[in-house]
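Here the structure is a predicted model, which means the values were calculated and not measured.
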Amino acid sequence: MHKYLPNIFIFLDQYNNRIFEKKNLNIGIIYRNYNEKKRENELIEIAKACKKNRYQLFVSNDVKLAIKVKADGIYIPSFNKTKNFLNLEKKNIMILGSAHNQKEIHNKMSQNCIAVFLSPLFYVRKSNKFLGLHKFNYLAYSNKINIFALGGISQNNIQKLKLLHTKGFGGIRIFKKKP
């Protein structure tokens with residue numbers, strides 16, 4: 001069981017062998033495909049690749065599946081408000097969450113999350129609202145939890161992450177183009 005959190009998280013909907021070509025140990029994989037019927041088979045393939053490359057694996061919103069594939073942890077999306085994840089420390093499962101505002105950050109802290117992805121940091125097509133650098137830093141400094149940046153991160157604005165009080169970042173589209 002890893003005691004540390006990676007600085008870079010890649011959100012995957014399906015297996016992509018290009019992501020596993022890089023040999024960077026500071027990467028975590030979050031599998032978050034909710035609709036696929038063959039979800040379990042695909043996750044087993046991702047889990048094998050993660051174990052081979054020594055990447056940490058987190059399964060979104062499914063504790064039973066995370067235990068079955070021996071994932072390092074679970075990822076709780078912002079829409080999940082339940083408290084079903086409180087006793088996972090006994091099973092050595094780390095809990096990550098995502099939030100969009102102060103209220104959701106407090107909700108994730110009450111769910112025993114050790115880190116929170118705060119999003120969207122930059123502009124994304126599906127939402128007109130985004131935090132920006134100042135509001136992100138305000139929320140990151142005012143909460144005593146590891147905060148990761150998520151949302152709208154691209155090759156053009158990745159340098160701006162150095163201005164943030166963040167443990168690392170997560171990406172979806174940035175890794176679909178280039179691993």
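- Atom-to-atom distance recorded for Phe20:CZ and Lys48:NZ is 13.0 Å, nearest 0.5 angstrom.
- Hydrophobic clustering keeps Phe122 apart from Val124 (ILVMFWY residues linked when any side-chain heavy atoms are closer than 4.5 Å, directly or through intermediates).
- In the hydrophobic clustering of this structure, Tyr123 does not group with Leu150; members are Ile, Leu, Val, Met, Phe, Trp, Tyr whose side-chain heavy atoms approach within less than 4.5 Å, directly or through other members.
- Cys50 pairs in a side-chain contact (heavy atoms from CB on, under 4.5 Å) with only one of the listed residues (Asp72, Leu57, Ile19), which is Leu57.
- Between the CD atom of Gln111 and the CD1 atom of Ile74 there is a distance of 10.0 Å, given to the nearest 0.5 Å.
- Within the 4.5 Å cutoff, no side-chain heavy atoms of Leu43 are placed close to those of Tyr15.
- In this structure the side chain of Leu139 never reaches within 4.5 angstrom of the side chain of Ile147, judged on heavy atoms.
- Tracing side-chain contacts under 4.5 Å through hydrophobic residues (I, L, V, M, F, W, Y), one reaches Phe136 starting from Ile145; they form part of the same cluster.
- A donor-acceptor contact closer than 3.5 angstrom links the side chains of Asn107 and Lys83.
- Grouping the Ile, Leu, Val, Met, Phe, Trp and Tyr side chains by contacts below 4.5 angstrom, directly or via other members, places Ile105 with Leu133.
- In this model, no donor atom of one side chain and acceptor atom of the other lie less than 3.5 Å apart for Gln14 and Tyr31.
- Contact record, Asn137 with His165: OD1-N, 2.7 Å, taken as the closest heavy-atom pair.
- Taken from NZ in Lys68 to CD in Glu40, the straight-line distance is 3.0 Å, to the nearest 0.5 Å.
- Between Val116 and Asn146, the closest side-chain pair of non-hydrogen atoms is not below 4.5 Å.
- Using a 4.5 Å heavy-atom threshold, the side chains of His106 and Gln102 count as touching.
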> What do the steps show when you test Arg39 against Asp62 for side-chain contact (heavy atoms from CB on, under 4.5 Å), and what is the final call?
Replying inline: CA-CA 11 Å; Arg39 180 179 179 197; Asp62 195 339; 3.8 Å; yes

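- Side-chain contact between Ile76 and Ser98 is absent, with no heavy-atom pair separated by less than 4.5 Å.
- A donor-acceptor distance shorter than 3.5 angstrom exists from the side chain of Glu104 to the backbone of His100, with no hydrogens or angles considered.
- Under the 3.5 Å distance criterion, the side-chain polar atoms of Lys108 are matched with a main-chain donor or acceptor of Pro77.
- Residues Ile153 and Ile158 are in side-chain contact: their nearest non-hydrogen atoms beyond the backbone lie under 4.5 Å apart.
- Between Tyr75 and Phe117, the ring planes are perpendicular. Angles over 60° get that label, and only those under 30° would be called parallel.
- Put simply, the side chain of Val59 reaches to within 4.5 Å of the side chain of Val69, judged on heavy atoms.
- Judged by distance alone, with hydrogens and angles left aside, the side-chain atoms of Asn7 form no donor-acceptor pair with the main-chain N or O of Gly168 at under 3.5 Å.
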> What's the verdict on side-chain contact (heavy atoms from CB on, under 4.5 Å) for Leu12 and Arg32, showing C-alpha distance, side-chain angles and the deciding distance?
Replying inline: CA-CA 6 Å; Leu12 286 181; Arg32 60 173 201 129; over 6 Å; no

> What do the steps show when you test Leu118 against Asn101 for side-chain contact (heavy atoms from CB on, under 4.5 Å), and what is the final call?
Replying inline: CA-CA 8 Å; Leu118 193 53; Asn101 54 42; over 6 Å; no

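- In this structure, Phe169 CZ and Leu164 CG are separated by 11.5 Å, a value rounded to the nearest 0.5 Å.
- Residues Asn61 and Asn80 have side chains that bring a donor and an acceptor to within less than 3.5 angstrom of each other.
- Within a 6.0 Å sphere centred on CG of Asn17, heavy atoms belonging to other residues, nucleotides or ligands number more than 12.
- Smallest separation of non-hydrogen atoms from Phe148 and Ala115: CE1-CB, 3.5 Å.
- Taking CG of Asn53 as the reference point, atom CD of Glu21 lies at 10.0 Å (rounded to 0.5 Å).
- Side chain of Lys144 to main chain of Tyr141: no donor-acceptor pair is present (N/O by atom type, distance under 3.5 Å, no hydrogens or angles).
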>> Using the rule given for side-chain contact (heavy atoms from CB on, under 4.5 Å), can you reason through Gln56 versus Met94, listing the C-alpha separation, both sets of side-chain angles and the distance that settles it, and then say yes or no?
In response: CA-CA 10 Å; Gln56 290 186 31; Met94 293 185 280; 3.2 Å; yes

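- One finds the CZ atom of Arg54 at 13.0 Å from the CD1 atom of Ile27 (value rounded to the nearest 0.5 Å).
- Inter-residue side-chain proximity for Ile10 and Ile30 is flagged as unmet; no heavy-atom pair is nearer than 4.5 Å.
- No more than 12 heavy-atom neighbours from other residues, nucleotides or ligands sit within 6.0 angstrom of NZ on Lys160.
- Ala66 approaches Gly73 most closely through the heavy-atom pair CB-O, 4.1 Å.
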